[in-house]
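The next block holds one structure in the form of structure tokens; read it before the comments.
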Amino acid sequence: MKYLIAGLGNIGPEYAFTRHNAGFMVLDRLAAQHDFKFSFEKLAFVAEWKYKGRHIYFIKPTTYMNLSGKSIRYYMDQYKVTTENTLTIVDELQLPFGTLRIKPKGSHGGHNGLKNIEELLGTTEYPKLRFGIGNNFPRGRQVDYVLKPFSKEEMAELPIILDKAGDMVTSFCTLGIQSTMNNYNQ
């Protein structure tokens with residue numbers, strides 16, 4: 001069984017701990033815990049991990065958030081991974097900070113990265129793990145909010161949330177989306 005896990009974010013040290021990079025942070029945490037390394041490849045930083053009989057490919061697109069679909073489509077084709085065996089990890093303004101929700105399909109909800117993926121895959125029916133970042137910003141300041149680092153208080157809570165997100169990724173690959181939704185969705 002092959003899986004493709006895409007953590008969305010923006011490349012560059014200036015974005016490292018920003019809310020928009022929640023997807024990258026989940027994958028970096030998994031890599032540190034399970035001792036696999038990312039290398040720079042075409043359109044993404046790529047890692048692979050063999051876990052419980054599964055071959056799991058991880059990508060952190062280098063196309064910047066708004067063109068994430070280009071990288072995901074390329075690696076789905078490259079590794080011959082079906083849409084239902086992909087998982088996109090994305091920040092979500094509509095969920096309170098720390099809330100994690102996995103679903104087999106759903107709209108882009110105004111998220112430009114998801115919009116591009118939907119365009120290039122030709123469907124909204126691909127699994128997503130939404131990482132709640134909250135929406136504590138003044139009207140019209142969304143871009144500033146998502147590109148700012150997590151607050152000191154949020155940073156203190158992040159390790160537990162990132163670990164749970166990592167558990168959801170491994171559950172998705174071993175038990176499937178339905179069991180993962182039943183066990184983890186809040």
Side-chain angles (χ1 to χ4, degrees), residues 1-13 15-39 44-61 65 68 72 75 81 84-104 106 109 111 113-114 126-136 145-186:
M1 295 285 284
K2 293 181 185 178
Y3 293 86
L4 178 67
I5 312 301
L8 301 191
N10 287 314
I11 57 170
Y15 299 110
F17 294 102
T18 63
R19 292 175 179 90
H20 225 19
N21 271 32
F24 279 15
M25 293 171 76
V26 171
L27 297 191
D28 288 340
R29 182 82 172 189
L30 267 170
Q33 290 174 329
H34 298 285
D35 201 32
F36 57 85
K37 306 256 183 275
F38 283 90
S39 61
F45 287 97
V46 179
E48 57 183 286
W49 180 39
K50 290 183 179 161
Y51 179 73
K52 293 190 176 184
R54 273 67 172 180
H55 206 110
I56 307 170
Y57 300 97
F58 298 95
I59 61 169
K60 298 188 300 184
M65 182 66 76
S68 298
I72 291 170
Y75 283 100
V81 177
E84 61 272 3
N85 282 2
T86 67
L87 180 64
T88 300
I89 307 168
V90 62
D91 60 291
E92 177 58 66
L93 287 165
Q94 301 310 314
L95 292 175
F97 170 75
T99 301
L100 298 167
R101 195 154 300 137
I102 191 168
K103 292 194 174 178
H111 192 288
L114 295 180
Y126 63 96
K128 298 165 199 71
L129 172 54
R130 295 178 186 267
F131 188 110
I133 61 169
N135 57 6
N136 188 18
Y145 179 75
V146 300
L147 293 178
K148 273 190 178 167
F150 286 99
S151 70
K152 189 184 282 189
E153 295 78 24
E154 290 169 335
M155 286 297 284
E157 293 180 48
L158 268 180
I160 293 165
I161 300 162
L162 292 171
D163 287 347
K164 183 175 178 186
D167 291 345
M168 291 172 81
V169 169
T170 56
S171 175
F172 170 77
C173 295
T174 57
L175 301 176
I177 190 132
Q178 194 61 52
S179 290
T180 305
M181 286 173 23
N182 293 343
N183 293 331
Y184 289 97
N185 279 356
Q186 302 166 332

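What you are looking at is a predicted structure, and each value in this text was computed from that prediction instead of being measured. Starting from 1, each residue takes its place in the sequence as its number.
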Item to check | Salt bridge K128-E92, side-chain N to carboxylate O under 4.0 Å | outcome: no
Next on the checklist: Run L27 and F38 through side-chain contact (heavy atoms from CB on, under 4.5 Å) and show every step you take.
Outcome noted: CA-CA 10 Å; L27 297 191; F38 283 90; 3.9 Å; yes
Checklist outcome for this item: Between T180 and S171, the two heavy atoms sitting closest are OG1-OG, 2.7 Å
Checklist entry - Does the side chain of P149 come within less than 4.5 Å of E154's, by heavy atoms? => result no
Next on the checklist: Please report the interatomic distance CG(L4) to OH(Y126), rounded to the nearest 0.5 Å.
Outcome noted: 12.5 Å
Next on the checklist: For a 4.5 angstrom cut-off between non-hydrogen side-chain atoms, does M168 reach I89?
Outcome noted: no
Checklist entry - Under the side-chain contact (heavy atoms from CB on, under 4.5 Å) criterion, do I177 and E84 qualify, and how do the steps go? => result CA-CA 9 Å; I177 190 132; E84 61 272 3; over 6 Å; no
Next on the checklist: For a 4.5 angstrom cut-off between non-hydrogen side-chain atoms, does F172 reach L129?
Outcome noted: no
Item to check | CA sep, side-chain torsions, deciding dist, call: Y184, D167, side-chain contact (heavy atoms from CB on, under 4.5 Å) | outcome: CA-CA 9 Å; Y184 289 97; D167 291 345; 3.6 Å; yes
Checklist entry - Which residue, T99, N185, L114, forms the side chain to side chain contact (heavy atoms under 4.5 Å, CB included) with R130? => result L114
Item to check | Approximate separation, where rounding is to 0.5 Å, of T88 OG1 and H111 NE2 | outcome: 10.5 Å
Checklist entry - Taking all atoms of both residues into account, what is the closest heavy-atom pair of N21 and G9, and its distance? => result OD1-CA, 3.3 Å
Checklist entry - So, does S179 use its side chain to make a donor-acceptor pair with the main chain of G176 at under 3.5 Å? => result no
Checklist entry - Are the side chain of N85 and the backbone N or O of V81 linked by a donor-acceptor pair below 3.5 Å? => result no
Next on the checklist: Measuring from atom NZ of K2 to atom CD1 of I56, what distance do you get when rounded to the nearest 0.5 angstrom?
Outcome noted: 13.5 Å
Checklist entry - Would you call the rings of F36 and F58 parallel, tilted or perpendicular, where under 30° means parallel and over 60° means perpendicular? => result parallel
Next on the checklist: Do L8 and P61 have side chains that approach each other closer than 4.5 Å (heavy atoms only, starting at C-beta)?
Outcome noted: yes
Item to check | Nearest-0.5 Å distance, CG of residue D91 to CD1 of residue I133 | outcome: 4.5 Å
Checklist entry - If you look at every heavy atom in C173 and I5, which pair is closest and at what distance? => result SG-CD1, 3.9 Å
Checklist entry - Got a second to check how far H20's NE2 is from F131's CZ, nearest 0.5 Å? => result 14.0 Å
Next on the checklist: If we ignore hydrogens and angles and just use 3.5 Å, is the side chain of Y15 paired with the main-chain N or O of N10 as donor and acceptor?
Outcome noted: no
Item to check | More than 12 heavy atoms from other groups under 6.0 Å of CG on N182 | outcome: yes
Next on the checklist: If I compare all heavy atoms of G134 with all of Y145, which pair ends up nearest, and what's the gap?
Outcome noted: O-CE2, 3.3 Å
Item to check | Separation between CZ of F97 and CD1 of I161, rounded to the nearest 0.5 Å | outcome: 3.5 Å
Checklist entry - So, the side chain of T174 versus the backbone of T170: is there a donor-acceptor pair under 3.5 Å, distance only? => result yes
Checklist entry - Nearest heavy-atom pair of L100 and A165: which atoms, and what distance? => result CD1-N, 3.6 Å
Item to check | Y3 and V169, any side-chain heavy atoms less than 4.5 Å apart | outcome: no
Checklist entry - Taking everything shown except K164 itself, do over 12 heavy atoms lie less than 6.0 Å from its NZ? => result yes
